[in-house]
Enquirer: 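Handing you a structure now.
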Amino acid sequence: MDRRDFIKAMVASTSATLVYSKVPGSLMSDDLPQALAEASVQTTGTVCEMCTTRCTVVAKVKEGKVAKMEGHPKDGGTAGTMCARGNAGVSLLYDPDRLKYPLIRVGERGEGKWRKASWDEAYTYIAEKMNAIKAKYGPEAVAMASRKGPYDAFFHTLGKAYGSPNMFTHMSTCPQSVGIAKAVHYGTGAVNQDLGNTKYIISIGRNYFEGLNVAQARAVRKALNNGAKMIYVDPRFTVTASKATEWLPLAPGTDVAFVWALLHVLIKEKLYDADFVTNYTTGFEELSKEVEKFTPEWAEKECGIPKEKIVQIAREYAAAKPKAVIEFGWRSTFLDNDLDLRRAIVLANVIIGNYEKQGGCYGVRTPAAVSKIVPDCLVEPLKGPKLPPFPNFNKPRIDGVDIKDGMYSFVPVADGIVQQVPESILTEKPYPIKGFFAYRFNPVISITDSNRVIEAIKKLDLMVTIDVYMTDSAWYSDVVLPECTYLERFEPIMDASGAVPRFNLRQPAVPILYPETKPYWQLFKELGEKMGLGAYFPWKDINEYMEIQLAGTGVTLEELKKEGFWTAPNIKPMFLREADPKAPLTFPTPSNKIELVSSVMEKAQKRGLPRYETKPQPPAGKYRFIQGKVAVLTNVASHNVPWLAELIDTNSLWIHPDSAAKLGVRNGDNIIVKSPVGQQKGKAKVTEAIRPDCVYAHHGFGRVSPELKRVYGKGIGSNFLLPNDTGHGSNTINSATFVDIQKA
Amino acid sequence: MDLQNIFGCLAVLFREPSVEIAERLDSLVAVLDEEIRLPAHCFSELKTFCAHTFVDEPVSRLGALWSEYIPLFVSGRPIEAAPYASLYLSPDGSLLGEETTRLRKVYSSFNYHFQPQGSLLLDHIAVELEFIYHLLNTGHFQPAEHFYHNHLAPFLVSWLPRVYASGRPFYGPLGQIIENLQQSLELENQLYLLSSKQGA
């Protein structure tokens, strides 16, 4: 063979990427979409994934490339608007730093040495390790955790089919207390608030304009524009505080006293809705008795708000009823009593009778819920495929949420208490965890005491991460599997019902960019098949799965594809007590009424009513460390996305000028923050927008994966400072740690 | 100097490593050495790499190639030398930017269509090198010269310094060799000669 033939053979045989078509000007079939795209701008309606709100959006594709993302113009909630994160989805899709194929670790954990693996090789590696763990420790020794979302259907199916009860979502590190509080009183977490039409909002730390849900922020803005009052409680002067009628900078933990005192005034002055309480609730007498001690005078001593102000707010709130709400909250991880706070908030909503009233609260209108209200409604709920029964679990879960009437028996089994995973790995209690899967979840940064989480991961026999980036958890993994982005894949149809029944469809705007990345539905199906669990994935592909979901709903896939969402055309937002204040309503509680004294909580923790316990405040020389959101970032997920990192790639420590003066710290100084579990370096931001006894940093910085190049090593990592403790409501605790500050 | 062999050889060498490339690495380096005719020391590091990495079977060499290829071109902290032309030549410096669109049209005008694989996008260095190889192989010398001037050479100017600055044992010296070749204007001269003949 001469030299030219040798090179020719090598070019041809080593995966040539350019294919010649003999017919001049002809196009291969897989180029057709490309050619069409080049002709004009194509618009695809889909669902954003830059945060868990999952707004409907449109992707504008020009010359085969997503040129721009916009809010969906036909979605009334967002009305064509979009946040910075949604806009930046384009830069995530085209980030050259994305994961491109499976990687298997070859060096030490955290050393960053990998080898490329084929998917089959990676699946085989995982399956063999999982089988070895099962043989030695039992299937319960593998835990799996994801961000909560539509993918859980497959991810958790895989784990349960394998035989492990230990499936988790991120919920206990975020909004779990809110959902539980609603569930133990209303009987369901599916209760929303009609913020756009309300006249009075009390928000305790729900930072609408920075912890951004676009539709919700627009609704609050509409209410404020229409003259609504907003009382905002937060130790920090946020953007939301700047829009509020009044900002009350309470010390964390004392907000429960404030709400109890509101309840006291509402009941003592008979400002509640007596008819509603009589017709729809149980336990009012017990509640009335309990609130007697929580006088405004008492609350003033606890939380520092003058008693007159408390009485004034309670009266204004009641006067605006039923168009008045106390915001349930979102990220509910303040102190160990977070669930008490959320439950007190629920009670203060319930007794003013704002349920099923415009401007108040309402039950989410899923197809199932609507079919009970509107008998001739044609909408049926989404279905799932018929699966074989899952194996019986050998042992209860490590967090005990599946133990009947146990102390955490009110926690949804599908979500669990994820911060228990590192504890069980390290202590082997209640039994060892030897394998851990993280899907779209980054335990190293999301779970408190990050160093301890890293220590735990290092002890595992198998750590698998599935993501689009080499996250901090991926960095310490044995196998890293690359997912394609949300702009490149179909997903199971989501029931996104709110005021009306609604289905959302995430669909690809462009073909998969890196051909060795995969959508999660394919990944979990293939891994399941490799593990001999193919029977639990009895559908050919995502199209077949979506058809199964839609069977009998009266909605077709083609209809859904047109806009990327579907709402029932014959159903308008409705409030069931608007026309008839005594409309028959039942609630899925043991008593079928709203239980002001929760029988579920009474059984679990002898806590039928929420409690108040005085919480310690920082001693002299120490500061309470708190954290929060910034509008252009999503918790820990989006910091490395190119366009967002251009906007903000680090944080600083907010500190009050009086405190800074005592410490000799000036604006911009390098500082060290020390807590009982760790220390972080950063820069001081001296500002009056924070209480003197608190310091604050945006969450999600201090990243330890060098491959998150835009944010690696920058800023203060809040979870490196916080111990891994769990509140009585199952929540992570983010605002109970006192720190020392010193100039670096 | 046989330009076809040089571009073909480079196209293969900048593809994602495979067993076949690992097995034939000595031969590919030898072809380059003989075609380019740079001073002997220019190739000494590549030859040393070849000698040290083939232990019993190509797997060890394949691993060595991947251990360089991934941080350099695929998934680094940051990627040391991202191999996509659009990042350097598109006005907004984005992936799949205007340069990618231009390239797709150029490929298409010669009836070539890109099939994605692994980390290779259509403006990946290996794909551009493969394209110019195909042009030369089919006698399209003027288009090859045009493509080199307008697309490949400006890309290489920005990209090569990152490759050899990485100090990686194989791809580093390979980048340096191409840089030397570019600076000597040899590639340009040879393409010009071919192109002129065709024009005449």
Side-chain angles (χ1 to χ4, degrees), chain A residues 3-4 6-8 10-11 13-28 30-31 34-35 38 62-66 90-91 93-101 103 106 112-116 470 475 480 482 510-516 642 705-710 712, chain B residues 2 4-5 7-9 11-12 15-18 20-21 24 27-28 31 34-35 63 66-67 69-71 74-79 82-84 86-87 94-98 100-101 104-105 107-108 110-122 124 126-127 130-131 133-134 137-138:
Chain A
R3 194 173 287 168
R4 278 202 173 183
F6 168 66
I7 294 299
K8 194 172 182 178
M10 286 298 289
V11 169
S13 64
T14 56
S15 306
T17 51
L18 289 172
V19 178
Y20 182 71
S21 172
K22 285 181 182 173
V23 185
S26 73
L27 289 166
M28 297 171 69
D30 57 355
D31 285 328
Q34 191 60 60
E38 285 177 3
K62 190 178 177 188
E63 297 183 326
K65 184 179 178 182
V66 178
V90 179
S91 71
L93 169 62
Y94 298 117
D95 186 350
D97 287 351
R98 276 174 50 192
L99 291 168
K100 299 183 184 73
Y101 26 61
L103 297 170
V106 292
K113 290 189 176 170
W114 310 92
R115 68 179 170 85
K116 183 200 170 192
M470 181 66 82
W475 185 248
V480 181
V510 288
I512 286 179
L513 182 62
Y514 298 112
E516 289 190 51
S705 168
E707 295 202 15
L708 300 173
K709 69 179 183 189
R710 299 175 190 94
Y712 168 61
Chain B
D2 185 325
Q4 259 174 268
N5 285 345
F7 283 110
C9 198
V12 171
R15 283 178 186 167
E16 294 182 340
S18 63
E20 195 171 1
I21 292 173
R24 308 286 167 81
S27 305
L28 289 163
V31 169
E34 288 167 28
E35 295 290 0
W66 270 119
S67 70
Y69 198 91
I70 286 177
V74 181
S75 173
R77 30 179 164 143
I79 297 175
Y84 309 108
S86 181
L87 297 176
S94 70
L95 200 63
L96 296 193
E98 287 180 20
T100 319
T101 307
R104 185 185 290 118
K105 286 174 180 165
Y107 295 165
S108 184
F110 287 89
N111 286 346
Y112 284 99
H113 303 284
F114 174 68
Q115 288 194 325
Q117 55 184 253
S119 62
L120 273 57
L121 302 177
L122 68 79
H124 191 282
V127 183
E130 184 187 329
F131 180 65
Y133 165 79
H134 287 312
N137 204 24
T138 50

Enquirer: Considering the options A/Arg4, A/Arg3, A/Lys8, which one meets the side chain to side chain contact (heavy atoms under 4.5 Å, CB included) requirement together with B/Gln4?
Expert: A/Arg4

Enquirer: Give the minimum heavy-atom separation between A/Tyr94 and B/Leu95, together with the two atoms involved.
Expert: O-CB, 3.0 Å

Enquirer: Which answer fits A/Leu513, side chain, backbone, both or neither, if we ask what part of it has an atom under 4.5 Å from a heavy atom of chain B?
Expert: both

Enquirer: Can you say whether B/Tyr84 sits under 4.5 Å from chain A via the side chain, the backbone, both, or neither, judging by heavy atoms?
Expert: side chain

Enquirer: Is B/Ser67 in contact with chain A via its backbone, its side chain, both, or neither, using a 4.5 Å heavy-atom distance?
Expert: neither

Enquirer: Is B/Asp2 in contact with chain A via its backbone, its side chain, both, or neither, using a 4.5 Å heavy-atom distance?
Expert: side chain

Enquirer: Taking every heavy-atom pair that is under 4.5 Å apart, which of B/Tyr133, B/Tyr107, B/Phe131 has the most such pairs with chain A?
Expert: B/Tyr133

Enquirer: Measuring from atom CG of B/Leu120 to atom CG of A/Leu18, what distance do you get when rounded to the nearest 0.5 angstrom?
Expert: 9.5 Å

Enquirer: Return the minimal non-hydrogen interatomic distance between A/Lys65 and B/Ser94, and the atom names on each side.
Expert: NZ-OG, 3.0 Å

Enquirer: Which bit of B/Leu96 is near chain A, if near means a heavy-atom gap under 4.5 Å: side chain, backbone, both or neither?
Expert: both

Enquirer: Kindly indicate whether the side chain of A/Ile7, heavy atoms from C-beta on, has any atom under 4.5 Å from the side chain of B/Leu28.
Expert: yes

Enquirer: Given a strict heavy-atom distance threshold of 4.5 Å, which part of B/Leu87 is in contact with chain A: side chain, backbone, both, or neither?
Expert: side chain

Enquirer: Side chains of A/Lys116 and B/Trp66: closer than 4.5 Å at any heavy-atom pair?
Expert: yes

Enquirer: Identify which part of B/His134 has an atom lying under 4.5 Å from any heavy atom of chain A, answering side chain, backbone, both or neither.
Expert: side chain

Enquirer: Where do B/Arg15 and A/Val11 come nearest, in terms of heavy atoms and distance?
Expert: NH1-O, 2.9 Å

Enquirer: Sort B/Thr100 into side chain, backbone, both or neither according to what part of it lies under 4.5 angstrom from a heavy atom of chain A.
Expert: neither

Enquirer: Is it true that A/Glu63 and B/Arg104 have a side-chain N and a carboxylate O under 4.0 angstrom from each other?
Expert: no

Enquirer: Rounded to the nearest 0.5 Å, what's the gap from OG on B/Ser18 to CE on A/Met10? Could you check?
Expert: 6.5 Å

Enquirer: If you take all heavy atoms of B/Val74 and A/Tyr101, which pair is closest and at what distance?
Expert: CG2-OH, 2.9 Å

Enquirer: Testing the basics here: between B/Ser119 and A/Lys100, what is the closest heavy-atom pair and its distance to 0.1 Å?
Expert: CB-CD, 3.4 Å

